[in-house]
S.K.: 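The structure that follows is given in the form of structure tokens.
Numbers here are sequence positions counted from 1.
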Amino acid sequence: MSIYTQTARFDTGRALTEDELHRLAPSIFATDAHESRSERFRPIPTIEVLRGLEREGFVAVGAKQGTTRDPGKAPFTKHMIRLRHVDAMHKHAVGGTVLEMLLKNANDGTSAYDLMAGMFRIVCLNSLVAQTGTVDTVKVRHSGRAVEKVIEGTYEVLKSAEAVMAAPQDWSQIRLGRDERVAFAEAAHVLRFGDAEGNVATPIQPVQLLAPRRREDANRDDLWSTFNVTQENVIKGGLRGVRVDAETGQRRRMSTRGVNGIDQDVKLNKALWVLAERMAQLKAA
């Protein structure tokens with residue numbers, strides 16, 4: 001289930017109810033740690049953190065739970081929540097883009113409380129994890145005062161992340177030539193489909209990542225549009241190709257899957273953001 005499409009209305013910013021959160025990511029409500037954890041591991045139910053953040057004006061507008069092959073870990077597994085500060089929407093929004101906080105946690109030992117800055121583009125129901133030189137992930141260990149530390153970290157990330165709100169406007173003014181757009185897509189292609197050595201074995205071509213999925217992005221050659229179109233194609237999947245068996249020569253149609261894993265989602269989004277940011281710096285130079 002996608003954190004971006006199977007959640008509350010994004011254009012209104014309506015907060016998810018606890019019943020909705022439980023349906024989307026039940027491990028948010030885990031009160032104990034998985035049996036594999038030692039006594040030093042101090043599980044703090046994510047719902048307690050969310051209730052503390054809500055008192056500060058941060059509300060959950062999206063949630064997703066990871067999968068596990070161990071049925072016993074399902075109630076404790078990794079989850080990610082999208083948060084907005086409802087009283088400062090005007091401050092943290094520009095055009096169709098809204099700044100958000102992403103909170104990742106698990107009670108099975110696979111994740112500490114992990115806070116990140118995120119950007120949400122309303123036109124395509126797409127969330128982007130923004131990483132710049134001044135926006136870093138804040139991690140909070142499962143220990144005493146976890147709720148207070150997460151709240152403090154949220155304000156810390158939010159303050160630093162406000163600088164990224166210039167990207168939609170600034171990058172929209174940067175025009176890319178055809179070769180530059182293809183180079184961007186080629187780098188994204190390796191990020192998405194390359195193995196540990198960077199080798200790519202897929203019939204999907206880099207230029208397919210530049211194909212817009214909506215009318216608003218058609219015939220746009222600016223960096224912001226190129227970044228968003230590429231990001232959506234990388235994350236959502238659905239790209240079609242024809243795979244040829246090397247031994248038999250048999251042709252088989254295939255389609256890419258969407259990125260559903262929480263960690264892979266975050267990793268790809270961060271890498272694409274850094275790629276776009278570097279492109280902007282090169283163009284400015």
Side-chain angles (χ1 to χ4, degrees), residues 1-10 13-56 58-84 100-118 120 125 127-129 137-154 157 235-236 257-270:
M1 182 171 291
S2 171
I3 191 176
Y4 312 123
T5 57
Q6 303 295 329
T7 53
R9 285 283 299 277
F10 297 108
R14 179 183 70 81
L16 289 169
T17 66
E18 290 195 6
D19 285 342
E20 289 173 316
L21 285 171
H22 195 278
R23 176 174 58 84
L24 294 166
S27 61
I28 288 174
F29 294 82
T31 57
D32 301 315
H34 185 258
E35 60 185 12
S36 63
R37 299 299 90 202
S38 69
E39 294 183 357
R40 291 182 298 176
F41 186 87
R42 295 281 302 278
I44 305 295
T46 303
I47 189 59
E48 291 187 12
V49 174
L50 293 180
R51 288 166 180 164
L53 287 168
E54 186 174 9
R55 290 191 290 270
E56 297 292 320
F58 294 93
V59 298
V61 296
K64 175 182 180 179
Q65 179 169 315
T67 58
T68 176
R69 296 181 179 179
D70 182 354
K73 282 191 173 184
F76 311 94
T77 194
K78 191 175 299 181
H79 45 266
M80 187 162 67
I81 303 101
R82 293 178 43 242
L83 299 157
R84 291 187 191 172
E100 299 178 338
M101 295 292 101
L102 299 177
L103 173 62
K104 183 173 65 171
N105 185 42
N107 277 344
D108 62 359
T110 59
S111 177
Y113 282 102
D114 197 349
L115 289 160
M116 298 162 281
F120 171 65
L125 299 181
S127 189
L128 320 172
V129 178
T137 296
V138 172
K139 295 182 182 294
V140 177
R141 297 181 59 187
H142 285 255
S143 60
R145 293 188 63 248
V147 176
E148 292 85 351
K149 289 179 181 178
V150 170
I151 292 174
E152 292 170 3
T154 301
V157 173
I235 298 297
K236 286 192 173 182
R257 296 180 179 180
V259 176
N260 294 317
I262 291 176
D263 288 339
Q264 186 184 15
D265 186 304
V266 170
K267 180 179 179 179
L268 283 170
N269 268 309
K270 283 186 175 181

S.K.: Closer than 3.5 angstrom, by distance alone: can the side chain of Gln264 be matched with the main-chain N or O of Val259 as a donor-acceptor pair?
M.R.: no

S.K.: Measure the CD-OG1 distance between Glu56 and Thr154 for me, rounded to the nearest 0.5 Å.
M.R.: 9.0 Å

S.K.: Determine whether Leu21 and Leu50 make a side-chain contact, defined as any pair of heavy atoms from C-beta on separated by less than 4.5 Å.
M.R.: yes

S.K.: What's the shortest heavy-atom distance between Ala106 and Lys78, and which atoms?
M.R.: CB-CA, 3.6 Å

S.K.: So how far is it from Leu83 CG to Leu102 CG, rounded to the nearest 0.5 Å?
M.R.: 8.0 Å

S.K.: Once salt bridge (charged side-chain N to carboxylate O under 4.0 Å, His left out) is applied, do any residues pair with Glu48, and if so which ones, sequence neighbours excluded?
M.R.: none

S.K.: If you measure from CD1 on Ile262 to OG1 on Thr77, what distance do you get to the nearest 0.5 Å?
M.R.: 7.5 Å

S.K.: Atom NZ in Lys267, atom CG in Asp265: separation rounded to 0.5 Å?
M.R.: 12.5 Å

S.K.: According to side chain to side chain contact (heavy atoms under 4.5 Å, CB included), who are the partners of Glu54, at least two apart in sequence or on a separate chain?
M.R.: Val59

S.K.: Show your reasoning for whether side-chain contact (heavy atoms from CB on, under 4.5 Å) applies to Val61 and Glu100.
M.R.: CA-CA 10 Å; Val61 296; Glu100 299 178 338; 4.0 Å; yes

S.K.: Rounded to the nearest 0.5 Å, how far apart are NZ of Lys64 and CG of Leu24?
M.R.: 12.0 Å

S.K.: Between Val266 and Met80, is any pair of side-chain heavy atoms under 4.5 Å apart?
M.R.: yes

S.K.: Partners of Glu18 by salt bridge (charged side-chain N to carboxylate O under 4.0 Å, His left out), sequence neighbours excluded?
M.R.: Arg51

S.K.: Just verifying a value: how many Å separate Leu16 CG and Ile81 CD1, rounded to the nearest 0.5 Å?
M.R.: 10.0 Å

S.K.: Taking all atoms of both residues into account, what is the closest heavy-atom pair of Phe58 and Met101, and its distance?
M.R.: CE2-CG, 4.4 Å

